[in-house]
A.B. asks: 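I'd like to ask some things about the structure below.
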Amino acid sequence: MPLKVYNSYSRQKEIFTAITPGHAGMYVCGPTVSGESHLGHARPYITFDFIYRYLVFKGYKVRYVRNITDAGHFEEEGRVAEDKVTKKALLEKLEPMELVQKYTNLFHWAMLQFNCIEPGIEPTATGHIVEQLNMIEKIIAEGYGYEVNGSVYFDVKKYAATHDYGKLSGRIIDDLLETTRELDGQEEKRDKADFALWKSAAPEHIMRWKSPWGDGYPGWHIECSAMATKYLGARFDIHGGGMDLLFPHHESEIAQSTICNHHSPARYWIHNNMITVNGRKMGKSYNNQIKLTEMFSGNHPLLTQPFDPMTIRFFILQSHYRSPIDFSSEALQASEKAMKRLWEAYEVLKKLAIGNGVPAIDMELDKKIVQLVNELEEFMDDDFSTAKVLANLFELAPIINSIKDGHIPTGAVSTDTLQLLKSSFKIYLEDILGLKSSTANDNSALDGVLQLLIDIRKEAKAKKDYATSDKVRNQLLSLGIALKDEKDGSSTWNFE
RNA sequence: GGUCCUGUGGCCGAGUGGCUAGGCAAAGCUCUGCAAAAGCUUCUACACCAGUUCGAAUCUGGUCGGGACCUCCA
């Protein structure tokens with residue numbers, strides 16, 4: 001079954017074919033580490049994580065490159081203006097690398113919480129100034145870049161005369177030329193649609209590098225072009241990022257790379273939609289962002305409780321990556337319960353003893369299970385329909401629970417089908433969707449202690465001493481541990 | 001203003017013209033010392049108006065609403 005992906009460039013689903021068979025190169029626009037990541041930032045990284053995981057599942061050797069934007073016009077947020085005395089103290093001074101390191105670390109920590117596989121290469125913009133300068137010089141040499149007062153701009157009008165500038169973002173070049181905006185350095189540009197390749201640094205800019213045109217810093221778009229070219233080549237398979245990057249970022253990347261490498265960079269452009277709050281995009285300008293640390297702690301006016309990173313991942317997986325998701329505490333709560341139920345069915349399935357070579361008695365049920373399982377790959381092949389994958393897994397959950405409860409008799413389903421079910425849950429839930437148990441209970445000492453308590457409670461119950469049995473259960477519950485009495489008389493426990 | 005996307009049951013959300021996605025919530029039942037969990041059952045919606053079609057949530061046109069981008073933006 002071929003994988004189909006929606007290509008933003010052609011605005012339709014296309015069959016994915018790799019440039020080099022068996023290999024896939026994927027570049028994803030990474031975070032700008034001048035501040036803390038918020039919920040909206042989590043979406044692309046989770047989206048491209050399951051895309052990466054799925055490509056691996058389909059047998060590709062994937063080179064996954066995601067940059068760290070650590071260069072540009074940076075200011076530390078919330079920093080109070082220093083007085084002249086403290087400004088002189090060396091340790092009080094804002095050290096750019098310190099700022100960037102702080103938020104890079106925080107970003108990595110958050111990605112770990114979300115169970116995102118780290119990219120194979122995570123290049124930083126500051127580590128690739130030379131490559132960017134080379135690229136800018138090449139663009140100038142080709143006649144598409146010009147220098148004004150130490151800044152270098154890309155000549156969009158000239159490019160658009162012979163190239164399709166605006167195709168990716170559905171922009172019409174004449175409209176762009178008409179837009180009137182008050183922007184820094186606007187008067188230096190030959191044309192309003194032009195964008196900066198290199199910006200001359202004013203004295204107060206904390207990050208600056210020497211260049212043929214004086215001290216400055218790279219334009220926003222050039223880093224991705226330079227690093228993608230360096231690690232994936234002039235032409236690679238997938239370029240991804242948020243929809244809000246379509247214009248001007250990705251449109252400009254195409255223009256730069258095309259001039260420099262004489263080839264448009266990516267074959268498939270994949271863009272995830274936004275996370276909104278009350279229908280509004282989560283972002284700085286709307287002042288409605290919820291930081292990831294706030295999500296995890298519940299410490300935010302819009303949150304009624306803390307949310308586990310896996311709940312957030314599950315929440316994102318429940319809708320298609322190209323649809324907007326409206327955030328609400330209620331929706332997250334629903335996801336939390338749903339994920340718990342699905343995961344518990346998976347735990348049941350894992351413990352299910354499966355024999356060998358026993359055929360099915362209930363052929364219809366057996367067939368239904370096989371069909372639901374086989375559809376999983378179809379859904380993922382159809383532009384990564386994670387929501388549909390989850391829907392099928394939810395349809396399988398009651399079947400699993402019924403097998404355990406005995407509502408479905410032993411032998412109704414063939415052992416082959418049970419094995420298929422077991423391996424498929426593992427592959428889709430863990431390997432592809434990247435979910436994991438939020439609380440790993442693999443502590444054998446704790447398990448032993450709880451088994452002891454379960455035994456004591458069982459003895460009390462046998463003597464109809466319900467006061468004692470309820471005390472054990474209630475006290476454990478107040479500690480966040482829930483006991484469940486099973487049909488066969490045993491009890492199991494899990495963290496609430 | 002321009003370009004594009006979108007409007008689904010109490011809520012969240014899939015939906016490729018015909019075959020009630022799924023989740024959460026709610027109600028009833030089964031199981032249980034009681035719980036919890038689980039299972040079964042119930043709740044058949046597609047903004048509005050026209051059109052195309054044997055048949056439209058799905059296609060076309062219009063009306064109204066929401067949003068994204070056009071500026072840093074995931």
Side-chain angles (χ1 to χ4, degrees), chain A residues 11 13 28-32 34 37-48 69 72-73 166 169-172 174-176 178-184 186 193 220 240-249 251 271-276 278-286 289 314-315 318-320 322-328 330-342 344-345 348 375 379 382 385-395 397-402 404-408 461 464-466 469-470 473-474 477 482-487 491-492 494 496:
Chain A
R11 287 153 200 265
K13 286 182 195 170
V28 176
C29 288
T32 300
S34 61
S37 295
H38 60 70
L39 179 61
H41 294 122
R43 192 167 192 195
Y45 307 125
I46 290 171
T47 298
F48 289 99
T69 297
H73 179 28
S169 55
R171 237 26 64 128
I172 294 158
D174 292 335
D175 294 342
L176 291 173
E178 279 171 25
T179 53
T180 44
R181 296 281 165 181
E182 291 296 320
L183 274 172
D184 182 40
Q186 192 72 276
W220 177 37
M243 269 182 184
D244 51 354
L245 297 181
L246 272 165
F247 191 89
H249 187 51
E251 198 72 67
H271 292 92
N272 63 275
N273 214 314
M274 302 291 107
I275 290 182
T276 59
N278 296 321
R280 257 265 131 81
K281 173 185 166 185
M282 186 178 285
K284 223 174 198 173
S285 37
Y286 298 115
Q289 72 268 48
F314 189 87
F315 173 66
Q318 269 183 306
S319 57
H320 191 263
R322 282 189 289 113
S323 299
I325 308 180
D326 195 50
F327 161 86
S328 71
E330 294 71 33
L332 259 303
Q333 274 168 16
S335 292
E336 183 178 82
K337 284 183 184 166
M339 156 106 190
K340 186 168 181 261
R341 195 162 82 82
L342 190 60
E344 278 175 11
V348 165
E375 279 173 348
F379 294 156
D382 186 14
S385 297
T386 55
K388 284 181 165 185
V389 168
L390 285 175
N392 269 30
L393 295 179
F394 270 110
E395 286 206 62
I399 297 172
I400 294 166
N401 288 324
S402 294
K404 180 204 164 210
D405 286 354
H407 288 129
I408 292 173
K461 268 172 51 173
K464 296 209 192 287
D465 177 8
Y466 296 124
S469 69
D470 286 354
R473 189 174 59 195
N474 293 338
L477 192 60
L483 291 188
K484 279 195 279 186
D485 292 345
E486 302 293 341
K487 285 249 152 59
S491 299
T492 56
N494 64 282
E496 265 301 283

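Throughout, a chain's letter reflects where its sequence line sits, starting with A, and its residues are numbered from 1.
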A.B. asks: Which nucleotide, in any strand shown, forms a Watson-Crick or G-U wobble pair with B:A50, with both distances under 3.5 Å?
C.D. replies: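 Checking every strand shown, B:A50 finds its partner in B:U60, with both distances under 3.5 Å.
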
A.B. asks: Could you tell me which nucleotide pairs with B:G9 by Watson-Crick or G-U wobble geometry, both distances under 3.5 Å, or answer none if nothing does?
C.D. replies: none

A.B. asks: Pairs under 3.5 angstrom, nitrogen or oxygen only, protein versus nucleotides 18-25 of chain B, please.
C.D. replies:
residue: B:G23; atom: OP1; partner: A:R341; partner atom: NH2; Å: 3.1
residue: B:C24; atom: OP1; partner: A:R341; partner atom: NE; Å: 3.2
residue: B:A25; atom: OP1; partner: A:K337; partner atom: NZ; Å: 3.1

A.B. asks: Write out a two-atom table: protein N or O, nucleotide N or O from nucleotides 5-9 of chain B, distance below 3.5 Å.
C.D. replies:
none

A.B. asks: Over all strands shown, is A:D326 touching base, sugar-phosphate only, or nothing at heavy-atom distances under 4.0 angstrom?
C.D. replies: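 A:D326: backbone/sugar contact only, no base atoms under 4.0 Å.
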
A.B. asks: Using the P atom as the point on both nucleotides, what is the distance between B:C12 and B:A47, in whole Å?
C.D. replies: 14 Å

A.B. asks: Mind checking if A:K461 touches a base, just sugar-phosphate, or nothing, with heavy atoms under 4.0 Å?
C.D. replies: base

A.B. asks: Any side-chain N or O of A:S323 under 4.0 Å from OP1/OP2 of B:A14?
C.D. replies: yes

A.B. asks: Looking at B:C29, which nucleotide sits across from it as a Watson-Crick or G-U wobble partner, both distances under 3.5 angstrom, or is there none?
C.D. replies: B:G39

A.B. asks: Nearest to the side chain of A:S402 - B:G39, B:A68, B:C70?
C.D. replies: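 Of all the options, the side chain of A:S402 is nearest to B:G39.
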
A.B. asks: Over all strands shown, is A:L483 touching base, sugar-phosphate only, or nothing at heavy-atom distances under 4.0 angstrom?
C.D. replies: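 Base contact - A:L483 has a heavy atom under 4.0 Å of at least one base atom.
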
A.B. asks: Can you check the distance between B:U8 and B:C48, where both ends of the measurement are the P atom (answer in whole Å)?
C.D. replies: 10 Å

A.B. asks: Just to be sure I understand the rule, does A:L246 reach a base, reach only the sugar-phosphate, or reach nothing, if contact means heavy atoms closer than 4.0 Å?
C.D. replies: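 Contact class for A:L246: none.
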
A.B. asks: Reckon A:H249 touches a base, only the sugar-phosphate, or nothing at all at heavy-atom distances under 4.0 Å?
C.D. replies: nothing

A.B. asks: Please answer whether B:G33 and A:Y466 are stacked, defined here as ring centres separated by less than 5.5 Å and planes angled under 30°.
C.D. replies: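 Answer is yes, a stack.
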
